[in-house]
Amino acid sequence: MQKNSFNINANKTDNFIKKYLNQQKKTFLIHPMKYGVLSGGKKIRSSVIINTGKMFNLNTSKLIALCAAVECIHSYSLIHDDLPCMDNDNIRRGKPSAHIKFGESTAVLAGNSLLTLAFEIIADKKYKIDNKSKIELIKSLALCSGHSGIAGGQQLDLSFEKKRKSFKEILDMQRKKTGKLFNFCCYSAGVIAKRNNRIKRELSSLGEDIGLLFQLADDFLDVKGSKKIIGKPIKKDKKKGKSTLINLIGYKKAEIFANKLKTDILRRLFKHGKKANNLIKTVEFIINRNF
Ligand code: GRG
């Protein structure tokens, strides 16, 4: 199922973003923004949102604006992550990174514009959900993206380079850098489904664990993946002295930890019965993927 259903979700998100940008004023930054967000990428976060929504019988049309917003923020983080002052990577999604293609200043500005576009999309009156939910979503997305979320996690990641960090410190950094945006993916479906605070907290924690599993899989791919299939260089973590579980406890033990995390995530999903089937398949994909 997975590749097809992911592609369907990815296309829906891409089409939404394309249409949204095409309706805006034609500025210089539109092209580099499109390059950053529309040129490839699995759009796995969109599938997590859509498949969490399925647990609450939500139609994709109610969620597609959220998918677009999340993918804008994700692409923004990748553009900035590749910059010379961050991870300094020249290839992304099998193509030149945005700063190689357009220059550093344009890449920074296109990234910034994708960040603000995310909030514009959710706040837009064309997104027909009630204002209370909109404010809740905007606040949560801001928290997940800022200094206690992705940006904070990235700062920790860079500051941990070539240092021996503890298991707890590495997981905390990875939860922020990657887990928080997945936290928002599951939580936001709960907001649209009008679930109570307890359920929304459970969804946040579930999403964050899915995000952590995704990051662990990313670390495994850096060791055993194929550059051609992944579309970015491999074996960078060791070279850069990145603090990963693999570099701390070794590949085998990190794999055992990831499998335990996956079992725990699936146990929580099985409680939802058949309605969780698509999200379960997404989690299986996340840990077994080769790209
Ligand atoms: C505040 C949003 C924000 C960013 C600034 C640069 C930065 C701070 C954060 C970087 C965070 C980062 C790059 C995390 C890595 C997450 C990760 C595993 C990315 C790869 O995601 P995939 O595989 O990529 O989903 P595709 O190409 O499929 O979209």
Side-chain angles (χ1 to χ4, degrees), residues 2-3 6-7 9-10 13-14 17 35-49 67-89 91-95 97-99 104 107-119 141-160 170 173-185 208 210-222 225 227 229-234 236-237 240 242-245 258 282 285-287 289-291:
Q2 279 310 317
K3 200 153 190 225
F6 285 149
N7 286 347
N9 294 337
T13 302
D14 278 352
I17 297 171
Y35 183 82
V37 70
L38 297 173
S39 65
K42 296 177 284 301
K43 306 269 167 3
I44 187 80
R45 292 155 190 79
S46 293
S47 282
V48 170
I49 295 175
C67 298
V70 163
E71 298 297 351
C72 284
I73 293 210
H74 167 59
S75 295
Y76 148 58
S77 78
L78 297 184
I79 294 173
H80 282 200
D81 190 47
D82 290 337
L83 289 169
C85 61
M86 302 255 183
D87 276 358
N88 194 17
D89 285 321
I91 304 279
R92 169 71 65 184
R93 296 169 173 166
K95 300 192 180 85
S97 303
H99 66 280
E104 267 181 63
V108 168
L109 295 169
N112 291 348
S113 304
L114 284 170
L115 169 69
T116 53
L117 186 70
F119 293 97
L141 188 56
L143 286 173
C144 289
S145 308
H147 64 97
S148 46
I150 310 174
Q154 175 76 352
Q155 188 276 325
L156 290 174
D157 187 32
L158 295 169
S159 72
F160 286 2
I170 294 172
M173 174 270 285
Q174 296 195 327
R175 280 187 180 282
K176 288 183 174 136
K177 185 177 80 156
T178 310
K180 288 290 178 189
L181 199 54
F182 282 84
N183 168 328
F184 177 80
C185 293
E208 201 164 304
I210 294 175
L212 178 60
L213 189 68
F214 184 87
Q215 181 58 56
L216 294 171
D218 206 66
D219 296 346
F220 296 137
L221 283 174
D222 183 70
K227 177 180 171 184
I229 301 175
I230 310 172
K232 62 180 181 183
I234 56 161
K236 290 177 310 177
D237 291 347
K240 289 183 178 164
K242 286 280 182 195
S243 280
T244 63
L245 280 198
T282 311
F285 167 80
I286 280 175
I287 190 67
R289 69 202 168 96
N290 64 352
F291 67 106

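All figures in this text were calculated on a predicted structure; none of them were measured in a lab. Atoms within each ligand, like the ligands themselves, are counted from 1 in listed order.
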Are [X] and [Y] close enough for a salt bridge, meaning some N to O gap below 4.0 Å?
| X | Y | value |
| --- | --- | --- |
| Arg93 | Asp82 | no |
| Asp81 | Arg92 | yes |
| Lys236 | Asp222 | no |

Exercise. Honestly, is Arg45 close enough over Phe184, meaning NZ or CZ under 6.0 Å from the six-membered ring centre and within 45° of the axis?
Worked result: no
Problem set entry | Heavy atom of Phe214, distance to ligand 1 below 4.0 Å | yes
Exercise. Does some non-hydrogen atom of Arg45 fall short of 4.0 Å from ligand 1?
Worked result: yes
Exercise. Taking the side chain as C-beta and beyond, is there a heavy-atom pair between Lys180 and Glu208 under 4.5 Å?
Worked result: yes
Please state which protein non-hydrogen atom is closest to [atom] and give its distance, to 0.1 Å?
| atom | result |
| --- | --- |
| atom 24 (O) of ligand 1 | His74 NE2, 3.4 Å |
| atom 12 (C) of ligand 1 | Lys177 CG, 3.9 Å |
| atom 16 (C) of ligand 1 | Thr178 OG1, 3.5 Å |
| atom 2 (C) of ligand 1 | Tyr76 CE2, 3.0 Å |

Problem set entry | Pair Phe285 and Phe291, ring centroids less than 6.0 Å apart | yes
Exercise. Any side-chain donor paired with an acceptor under 3.5 Å for Ser47 and Asn9?
Worked result: yes
Among [options], which one puts a heavy atom closest to [atom]?
| atom | options | result |
| --- | --- | --- |
| atom 28 (O) of ligand 1 | Met86, Gln155, Lys232, Lys42 | Lys42 |
| atom 19 (C) of ligand 1 | Leu78, Asp82, Ile286, Leu216 | Leu78 |
| atom 7 (C) of ligand 1 | Lys180, Gln215, Gln154, Lys176 | Gln154 |

For this session: Please say whether more than 12 non-hydrogen atoms of neighbouring residues, nucleotides or ligands are located less than 6.0 Å from NZ in Lys240.
Result: yes
Exercise. Does Arg93, backbone or side chain, put an N or O under 3.5 Å from an N or O of ligand 1?
Worked result: yes
For this session: Would you mind listing which atoms of ligand 1 come within a distance below 4.0 Å of any non-hydrogen atom of Gly41?
Result: 26 (P), 27 (O), 28 (O), 29 (O)
Exercise. For ligand 1, which atoms sit closer than 4.0 Å to a heavy atom of Ser145?
Worked result: 1 (C)
